[in-house]
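Structure, as structure tokens:
Because only heavy atoms are used, hydrogens play no part in the values below, and waters and symmetry mates are left out as well, while side chains stay in.
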Amino acid sequence: MNDTDRGLETPFVKTLASIVRAEDRFGVWEGRSDADLLADFIVTREQRREMPLMADPDPDLLARLEQFHKAVGLTIEKETGLMASPMMTMHHEGFGRVVLLAGRLVVLSRHLRDVHRFGFESFAKLADQGMKLVADGLAAIEKFPDAARA
């Protein structure tokens with residue numbers, strides 16, 4: 001199994017693809033493969049080198065960032081039965097913060113910067129980063145289950 005296939009077959013990436021499909025209000029993406037649908041999440045080293053060091057993120061990129069964190073929350077929900085909702089605050093210059101909340105528990109808190117460069121080198125790296133954040137969230141819920149269920 002190659003790197004692309006390994007990444008696309010993970011529960012996290014499947015969840016991310018389902019979120020992107022759910023946001024397709026007019027059926028434009030119907031029939032597209034998950035790889036085509038999620039291609040904008042992949043940013044090669046060459047593409048990253050061409051990006052300026054400082055730039056304002058565009059609305060499409062911010063939507064992808066939000067979809068990524070929604071997928072983390074939904075994957076946590078599938079594992080625990082507890083809804084983990086993301087809240088994101090972003091400055092127009094590309095820095096901010098995202099938190100995922102389950103009940104009264106902050107299951108994940110990330111400071112974001114250089115958001116205009118958001119992306120992953122491969123689907124496997126996308127899956128690995130997503131599952132790492134899911135594991136962090138699951139560990140927080142395991143440590144503080146009463147707060148998560150409050």
Side-chain angles (χ1 to χ4, degrees), residues 1 3-30 32-44 48 51 55-150:
M1 181 179 287
D3 198 38
T4 298
D5 293 339
R6 183 178 73 80
L8 288 171
E9 294 304 316
T10 61
F12 173 77
V13 174
K14 290 285 187 195
T15 300
L16 179 58
S18 71
I19 287 171
V20 173
R21 287 186 194 287
E23 293 178 2
D24 178 21
R25 293 177 182 93
F26 303 106
V28 175
W29 301 321
E30 201 169 298
R32 290 177 65 182
S33 69
D34 288 352
D36 288 341
L37 200 62
L38 300 175
D40 288 338
F41 284 89
I42 305 305
V43 179
T44 65
R48 199 175 305 273
M51 293 177 181
D56 295 343
D58 65 34
D60 291 339
L61 187 134
L62 293 175
R64 282 194 302 278
L65 185 66
E66 190 168 3
Q67 289 168 334
F68 175 80
H69 289 95
K70 282 181 183 177
V72 171
L74 189 54
T75 305
I76 289 171
E77 182 177 352
K78 288 178 180 178
E79 291 285 323
T80 64
L82 300 170
M83 186 172 17
S85 303
M87 292 177 56
M88 188 169 74
T89 304
M90 189 64 51
H91 189 273
H92 70 86
E93 292 179 349
F95 58 90
R97 184 174 183 167
V98 65
V99 295
L100 264 76
L101 305 171
R104 293 182 179 207
L105 179 66
V106 175
V107 297
L108 180 71
S109 176
R110 294 183 69 199
H111 290 277
L112 304 170
R113 53 181 224 167
D114 298 333
V115 169
H116 69 284
R117 300 173 74 131
F118 175 74
F120 304 89
E121 289 183 34
S122 67
F123 288 112
K125 292 196 181 212
L126 168 66
D128 291 345
Q129 181 63 28
M131 288 308 296
K132 178 188 175 301
L133 296 176
V134 168
D136 290 348
L138 293 173
I141 290 171
E142 186 176 304
K143 189 171 182 179
F144 302 104
D146 293 337
R149 286 172 173 59

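- By the 4.5 Å heavy-atom criterion applied to side chains, Leu100 and Val72 are counted as neighbours.
- Arg48 places a side-chain N or O within 3.5 Å of a backbone atom of Gly119 that can act as its donor or acceptor partner.
- Considering every non-hydrogen atom in both Ala71 and Thr15, the closest pair reads O-CG2, 3.9 Å.
- Between Glu142 and Leu138 there is no side-chain heavy-atom pair separated by less than 4.5 Å.
- Put simply, CG on Leu62 and NE2 on His116 are 12.0 Å apart, with the number rounded to the nearest 0.5 Å.
- Counting heavy atoms from C-beta outward, Lys132 and Asp128 have side chains that stay 4.5 Å or more apart.
- Lys14 contributes atom NZ, which lies 10.5 Å from atom NZ of Lys78 (distance to the nearest 0.5 angstrom).
- Arg64 places no side-chain N or O within donor-acceptor distance of the main-chain N or O of Phe41, the cut-off being under 3.5 Å.
- Between the CG atom in Leu16 and the CG atom in Leu37 there is a gap of 8.5 Å [rounded to 0.5 Å].
- Contact detail for His69 and Val98: the closest heavy-atom pair is NE2-CG1, 3.5 Å.
- Residues passing the side chain to side chain contact (heavy atoms under 4.5 Å, CB included) test with Lys143, sequence neighbours excluded: none.
- Summarising the geometry, atom CZ belonging to Arg149 is positioned 7.0 Å from atom OG1 belonging to Thr80; distances are rounded to the nearest 0.5 Å.
- In this structure, Leu8 and Ala35 approach most closely via the heavy-atom pair CD1-CB, 3.7 Å.
- Looking at heavy atoms from C-beta onward, Leu133 lies in side-chain contact with Phe68 at the 4.5 angstrom threshold.
- Dense packing is recorded around CE of Met51, with more than 12 heavy atoms of other residues, nucleotides or ligands lying under 6.0 Å away.
- Between Phe95 and His91, the ring planes are parallel. Angles under 30° get that label, and only those over 60° would be called perpendicular.
- At least one side-chain heavy atom of Lys70 sits under 4.5 Å from a side-chain heavy atom of Glu23.
- At a threshold of 4.5 Å between non-hydrogen side-chain atoms, the residues Leu105 and Leu82 do not count as touching.
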ask   = Between Phe123 and Phe12, does a ring-ring contact (aromatic ring centres under 6.0 Å, His included) hold up when you go through it step by step?
value = CA-CA 11 Å; Phe123 288 112; Phe12 173 77; over 10 Å; no

task = Please report the C-alpha distance between Asp40 and Asp60 in whole Å, then the side-chain angles of each, then the deciding distance to 0.1 Å, and finally whether the side chain to side chain contact (heavy atoms under 4.5 Å, CB included) criterion is met.
result = CA-CA 9 Å; Asp40 288 338; Asp60 291 339; over 6 Å; no

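- Glu9 contributes atom CD, which lies 8.0 Å from atom CG of Asp34 (distance to the nearest 0.5 angstrom).
- The line from CG of Leu112 to CE of Met90 is 4.5 Å long, rounded to the nearest 0.5 Å.
- The salt bridge (charged side-chain N to carboxylate O under 4.0 Å, His left out) analysis of residues 91-115, with sequence neighbours excluded, yields no pairs.
- Taking both residues in full, the closest heavy atoms of Gly7 and Ala127 are given as O-CB, 3.8 Å, listed atom of the first, atom of the second, then distance.
- At least one donor-acceptor pair under 3.5 Å links the side chain of Asp24 to the backbone N or O of Trp29.
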